[in-house]
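What follows is one structure encoded as structure tokens, with my remarks underneath.
In what follows, every chain begins at residue 1, and chains take the letters A, B, ... in the order their sequences are listed. Side-chain atoms are counted along with the backbone in the values below, which use heavy atoms only and exclude waters and symmetry mates.
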Amino acid sequence: MERLRSILVRVAQAIPVVVGVVIISFVLTRALPGDPAVYFAGAAADEASIAEIRAELGLDQPLPIQFLYYVKELATGDLGQSLSTGQPVLSDLSRRLPASLELTIVALLISCCVAVPLGVLAATRPGSWVDHVCRVLVTTGVSMPTFFTGILLIYVFYYLVGWAPSPLGRLDFMYIEPDRVTGFYLIDAALAGDWETWLAALKQLALPALTLALFTMAPIARMTRAAMLAALSSDFIRTARAAGLTRSKVLYTYALRNALLPVVTTLGMVFSFTLGANVLVEKVFAWPGIGSYAVEALVASDYAAVQGFVLAMALLFVALNLVIDIAYAAIDPRIGFENQ
Amino acid sequence: MLSIKDLHVAFKTRRGIVDAVRGIDLELGSGETLGIVGESGSGKSVTSYALMRILDAGGTITAAGVTYGGVDLIKASERQMGDIRGREISMIFQNPRAALNPIRKVGHQIEDVLRRHNRATRSDARAKAIEAMEAVKIRDAEKRYEAYPFELSGGMCQRVVIAIALACDPRLLIADEPTTGLDITTQKAVMDLVAELIRERGMSAIVITHDLGLAAQYCDRIAVMKDGAVVETGTSIDVFSAPKHPYTQRLVDATPREGATIRRLLPAEARTPEPPHAPGITPLLEVKDLVKTFEGKSGPVHAVKGVNFTVHEGETVGLVGESGCGKSTTSSMVVRLLDPTSGQILFAGQDLAATPAQSFARDPRRSAIQMVFQDATDSLNPRHAAGRAIEEPLRRMADLGRRARAERVRDLAHLVGLPQHLLDRFPHQLSGGQKARVGIARAIAVDPRFLILDEPTAALDVSIQAVVLNLLVDLRAKLNMSYLFVSHDLNVVRLLCDHVVVMQNGAVVEAGPVAKVMDAPSDPYTASLIDAAPHPPVRKLAA
Amino acid sequence: MTVADVARPQRQSTLSHIAYVLKDNPVTMVAFAIFALILFVAFFGAAIAPYDPLASNAARALEAPSWDHWFGTDNLGRDVFSRVLVATRLDLTISVAAVALSFIGGSVLGAAAGYWGGWLDACLSRVLDTIMAFPLFVLAMGIVAAMGNTVENIIYATAVINLPFYARLVRAEVNIRRNAGFAQAAKLSGNSDVRVLALHIFPNALPPMMVQISLNLGWAILNAAGLSFIGLGVRPPTPEWGIMVAEGANFIVSGEWWLAFFPGMALVVAVFTFNLLGDGLRDMVDPRRRT
Amino acid sequence: APNGVLVGVHGETINSLDLHRTGTNRPSYQVAVNCYDRLVTFGLKTLEDGSLSYDYATINPDIAESWEISEDGTLYTFTLRDDVKFQDGKPVTAADVKWSFDRAVTVGGFPTVQMKAGGLERPDQFEAVDDKTFVIKLDRASKLTLPDLAVPVPFILNSEVAKAHATADDPWALEYVHKNTIGSGAFKVVRWDPGQQLVYERNDNWHGELPGVKRLILREVPSQATRRALIERGDVQLSFNIPNKDAKELADGGLTVYSTPIENAIQVVGLNTNFEPFTDPDVRKAIAYAIPYEEIFQTAAYGRGNKMWGGPEKATEPVWPQPSPYYTDLDKAREFLAKSKFADGFEVPFSIDLDQVDWMEPTALLIIENLAKLGITASLEKIPGANWRTASLVEKRLPLHLENFGGWLNYPDYYFFWAYQDGHLFNSSNYQNDEIEQLVDETLYLPTDDPEWAPKILRMIEIAFEDIPRIPLWQPALNVASNGADGYAYWFHRQLDARTLSPADS
Ligand SMILES: Nc1ncnc2c1ncn2[C@@H]1O[C@H](COP(=O)(O)OP(=O)(O)OP(=O)(O)O)[C@@H](O)[C@H]1O
Ligand SMILES: Nc1ncnc2c1ncn2[C@@H]1O[C@H](COP(=O)(O)OP(=O)(O)OP(=O)(O)O)[C@@H](O)[C@H]1O
Ligand SMILES: [Mg+2]
Ligand SMILES: [Mg+2]
């Protein structure tokens, strides 16, 4: 009950955030230079046809009115039409979001699989050469601009060595997109039992996911190390050791589980950060995600698309925080009881 | 049963090698309870960790021999040690809440040990764990099995820690300050429980404490440690009543107890005549119907519910009570760091509560009321050197030039007995006693008429406590200040105070002259407090 | 015997403390050495550059690295080495200025919220949440796109997206200290709330912030580089690492790897150095690390 | 690629399948080309280098079997072929043509403007006399009408299907046609993932000569480096509209690269005559002499396209584009500048489009460098794509900028109409000259074989070069690389025409 309440409180707290996001994204898009009416009127449009399009887009109204319209449409679940793709923003997003999510999640999985053990290793031997090597390694990863890493990887693994498939988005054109269930190709292909497509999708994922993983390893490894160090030096570890518990039990059941709390928080932050930041990776790998969508939309002053994107990200962020809270509550029984 | 010969422990640190333990010899017979006492940093804990081989990385042990039941604990393999820990030798620690894994059910933590030492299988682990909990007198063990440490009180947690330690019936129990961090009343309950279990199971035990009184009460023999070495061992009665080593003598002297005067706490050579102390009769501070209610998340918390007391000119009033009874809240209000919900604080006839705490910093009466904090470390800004800390109130409240201020700081340091060369050290470079002196110097820098002392010696060793208490007595006489002395240590209150106010649950349950309240408490709560305080055997003063 | 005699650690000067921190950790030592080099190049880069970083020479376009042009030349025949050197100052300026802005802004907001709490805290937290709920890089893009891609705007955009991190950190650090003994002692010493906050509590939040600062210095550069990659970065022909990588990226596949590689490496080294500086910086400003 | 499948890449996004829709971008025009037919079409010819190109000079029947033009040139009567069917099997009738033309002139925006260029402005001009006879009535005779019927805009839709999907709000079925192709053309779009790919499949019942390619997959790959790697490694067979540098190097590397100079298009430096220094023709001339043409041509265009400088003093041929008489001569530049009020130089921003940095940036930087030698300080300003059109063409507020208008209809007067007439869209220089106004008005509808036409054009060119509000740099080329695809043909609309393509091995 207590926990349910605290989750509800979190949801309630998210409402002003979403409202804020709606307002800021509206203001931001209107502050963009450039006139979508002109842009989309086409190459040889004259004054009259521009005005016509402006009226059609509702851009001839004063800003507050436009905002009201926007909010009214939002309330009915209508995010508007993207001018640059010519699709309803909602359908654009629902098609592209799984692509971004799939990429980000796989990247984070790779990243965690490497960074968490590295962090634990470093924490068990603080100050040793292992520690220093880990630190240098992950720091190098985070120091490389993702687009640079991506291009280098393409150059080496696709262009020179030829191991990777052509960096053409989510699936090589030889394969047919699996039936859409979740939008995640790996899952959809597995559901359909089409392992050939599954493998092809995985291959396409490998390089972009690696690029992102390299970039996200550092915060995770750092936080794991710090949290492990803190956990290992706490009193209850001493109790566990004094009780004769085995080293692995002490390290994993006692220290690591406690250290996971801050790691989960970091992971959440990294996730939302990455989802926004894989714009560049998506561009390099022609990945049809929402990041590249946002860039195109922004450059084209495609109001509806930018607003829709930002709103989707904000909702995702809120949802993510909720998931983290729940994960936190699952790991840490103290959550929701602080006030007692 | 356990024999320690020439045990050395050294740590490699940034500052070089620290010899924490330098050659200890100890013997412990089976069924015997050995107390190890000594001041902070004397190597008590390190010795016990060395026995268990659970030192931090960087610690190295060398010894001529540490044998336990024929096994050399220093040479034993890590696997052997794993089997010994928890099954043969167990440990319990101070601060029980921190000693338990915060996110694991206490029942599972007990199970972990049982399973590790094959005392239980998957199927009967739960039952055995509950059994172990019942053994340490945890009521509703079945229910508590599912609890997390944060859902249990401190005393309950300590029982769980004890249950973990005793789950596999070890033959030796090491208790490292098992009562520190607990309430006085809980302290007694826990110690009684430990003593009872030891007796029942015929275990040997090592009880580590800095409280000589406690050791004397519960142990057969006592070893006194100083600077990593044992300076004296003997039976409790002997060590207490006829200490041989000068250090032990000093330690015994410094332990507050019935019948001693405040100067008696100091080593003989430092005892100067006690200054005369004659409290006046004009009321300086009158607290009337003071109420403080906090808006907690789950409803209002009534921390202080209508407290009344008076402090006269030159008088020292003690404020005692269990943890959480509202002592600190009351003193914060009096010192105007906190606004009362209602009530009056009359200082020299003027109501201080009329000025909100927020703007009291600029009030001319600010300098008249000062405070010494419970935790000296916490009360010093880690970024400010000692001199700067003492200077702080002068900068803000005294109209002095730079040089005059520096001069005054030196005078104050001298007054509280702080060597001048320590003035430009940072807090972490000072010892506890030195930090306490800095705190006191700062509080008296602007010549307050009224000083609140919120457990100023709680974090200090007894010998340092003795010095600080005497310093307070001297200052009281020299500067003619009144004190409100907050403490939970009744022995200390008896030494220092003229009047005492006993609080429970935010209300005053008893007040009166110190001798009357202590000797003939009228309230049962007061009586239980007095009973729970350790009663060290009285040293033959003639010795 | 008095208590005063118990401990007598030697007092160290600030310099020897820094030397100590450096010696303690070889990685930090290397980081500081590279940092010194970067600073040197930032100050004297223009003077030691062998060529004019803006002078084009169509006859020698796209030459591979050689003795004449250590890092080769770009598509306009400009010397990549000189451009990399000269770019140091601008990149450093962008990151330092952006971090300074977000540090100041975040500190003021976070400290106030952490100290006074209440509705101020609630409002600020919501505002910060709102900023954080934006995909930060896209927010930076939006700001630069809306305000124009000048160096100042890149700095502002970077500062805005970093601000919540500082504000939250400071808020947390101040919050745990607002009732600390030394804060109360400072009030007893006649300090007003603002003074207590600014002179007593806030400085104690500095050590953990140093780590954040150093990480952010790196992020800021990456961020500017990312903006350049999208085409919203610093204006050419001004040499800037990010834009050089972004432009050079198109040449990698055609074999002119040096265009992107060298500025890319400069970028990596700088960010790398900043990231590693953090722990050392924290140890330097933390008096508790002094022994 | 297996049995008749070709894969192509390009860097742009197709945002609609319907050219008539508001907001449809240029790359999407290819759908109209590939999936729909028109009444007439341009012929094909083989260029000197062996590559294919559309032929502006011949107009061939497409859906129209034949046509007649009345004496006064205002009445066009088309007779439709009777064997042409839409992809759903319905025969194409004059009613469909009428409906489609009505749609083009009514929906507004670009299609309507383009129709207007050919004198097609109102539905009442079009009449479906019977199933096979379609009549257009013009307000005035124009040489532009027939070619304008061959551009992508007047494509013919299946009006019955469209009407079935039309609503009161959407009488022209814009929503439906946006996502579906309902034409009679050589291909149909079987799959469209906006932002990712477009898949064409051959219409085996097409009335024309069946294309060699059965299936064409067109992928959108934003990264230019990736596109290059793909074509180089042979993973795709066609890379459309590649940068000049890649074109040069891929050609050197042995791939087939088609570089066709784009008709009626020039990359120019625009000098906005509304702004202070550029009001002075001497300043404009000074700049024209200061530009390092050859360096720019080599660095920005990698020698692809045609040089547009160092031409004769006086134009002799009525062709456009043609080289200007200017060339790089800093002394001359200084001379002209000295004559002006700005002998000591001035400061000016030099604006370029963010979306076209690949050629604009090196060009601008090289010009800026030379201008500095005259004491003119120009600072580069990149304008994001969305704003570029507004700033440069609509508001015309960029003092010094680059511009690259190209006219679909290949007549000098058509170019001048757009780029030199006051207030017209591509006149980003705000140039105004009464004589030019008059000359354009006189020549625009005049047939090229009219004896008056050539001298007037020559005079126009003379004025343009003398006043030099737009300094021609070079005529750009459209580069397309192929690695396993044959039959690429250049079209004025600069979009991929899949109808002539075939896999190389077949
Ligand atoms: N991990 C360590 N590294 C370096 N020195 C240490 C370490 N652990 C303990 N020491 C040093 O060893 C000495 C003895 O410490 P120990 O903890 O045994 O004292 P103690 O008698 O238990 O004191 P307390 O009553 O405060 O618990 C101290 O001077 C301490 O500084
Ligand atoms: N800011 C606060 N908000 C809510 N409750 C508070 C607050 N401060 C104190 N309390 C509550 O008020 C009660 C009295 O606290 P106080 O600190 O005065 O106790 P104390 O007697 O000084 O205890 P101790 O001996 O542990 O110092 C406690 O129950 C505490 O939880
Ligand atoms: Mg200890
Ligand atoms: Mg208290």
**Asked** Looking at B:D339 and B:A357, what are the two nearest heavy atoms and their distance?
**Response** OD1-N, 2.9 Å
**Request:** Please report the C-alpha distance between C:D121 and C:R171 in whole Å, then the side-chain angles of each, then the deciding distance to 0.1 Å, and finally whether the salt bridge (charged side-chain N to carboxylate O under 4.0 Å, His left out) criterion is met.
**Result:** CA-CA 9 Å; C:D121 187 21; C:R171 181 188 167 280; 2.6 Å; yes
**Message:** Between B:Q434 and B:S431, is there a side-chain donor-acceptor contact under 3.5 Å, judged purely by atom types and distance?
**Reply:** yes
**Prompt:** Under 4.5 Å between any side-chain heavy atoms of C:L277 and C:N275, yes or no?
**Reply:** no
**Prompt:** Is chain C contacted by the side chain of B:R442, its backbone, both, or neither, given a heavy-atom distance below 4.5 Å?
**Reply:** side chain
**Request:** Go through the atoms of B:N381 and report whether side chain, backbone, both or neither lie under 4.5 Å from a heavy atom of chain C.
**Result:** both
**Prompt:** Do the side-chain N and O atoms of C:H200 and B:E392 include a donor-acceptor pair separated by under 3.5 angstrom?
**Reply:** yes
**Message:** Which atoms of B:R362 are under 4.5 Å from chain C, going by heavy atoms: the side chain, the backbone, both sets, or neither?
**Reply:** side chain
**Item:** Residue pairs passing the ring pair (Phe, Tyr, Trp, His ring centres under 6.0 Å) test where at least one lies in residues 431-465 of chain B, sequence neighbours excluded
**Value:** none
**Request:** Spell out, as yes or no, whether a donor-acceptor pair under 3.5 Å connects the side chain of B:R408 to the backbone of B:A445.
**Result:** yes
**Request:** Search all heavy atoms of B:K435 against all heavy atoms of B:P427 and return the closest pair with its distance.
**Result:** CD-O, 3.6 Å
**Message:** Quick one: does any side-chain atom of B:R263 pair with a main-chain N or O of B:T272 as donor and acceptor, under 3.5 Å?
**Reply:** yes
**Message:** Only heavy atoms, only distances under 4.5 angstrom. Which residues in residues 186-199 of chain C are near chain B?
**Reply:** C:K187, C:L188, C:S189, C:G190, C:N191, C:S192, C:D193, C:R195, C:L199
**Message:** Strictly less than 4.5 Å between heavy atoms, which residues of residues 363-371 of chain B line up against chain C? Please order them by number.
**Reply:** B:R366, B:Q370, B:M371
**Item:** Parallel, tilted or perpendicular: rings of C:F32 and C:F35 (30°, 60°)
**Value:** perpendicular
**Prompt:** Going by the side-chain hydrogen bond (donor to acceptor under 3.5 Å, both in side chains) test, which pairs reach into residues 210-221 of chain C, not counting sequence neighbours?
**Reply:** C:Y166-C:N216
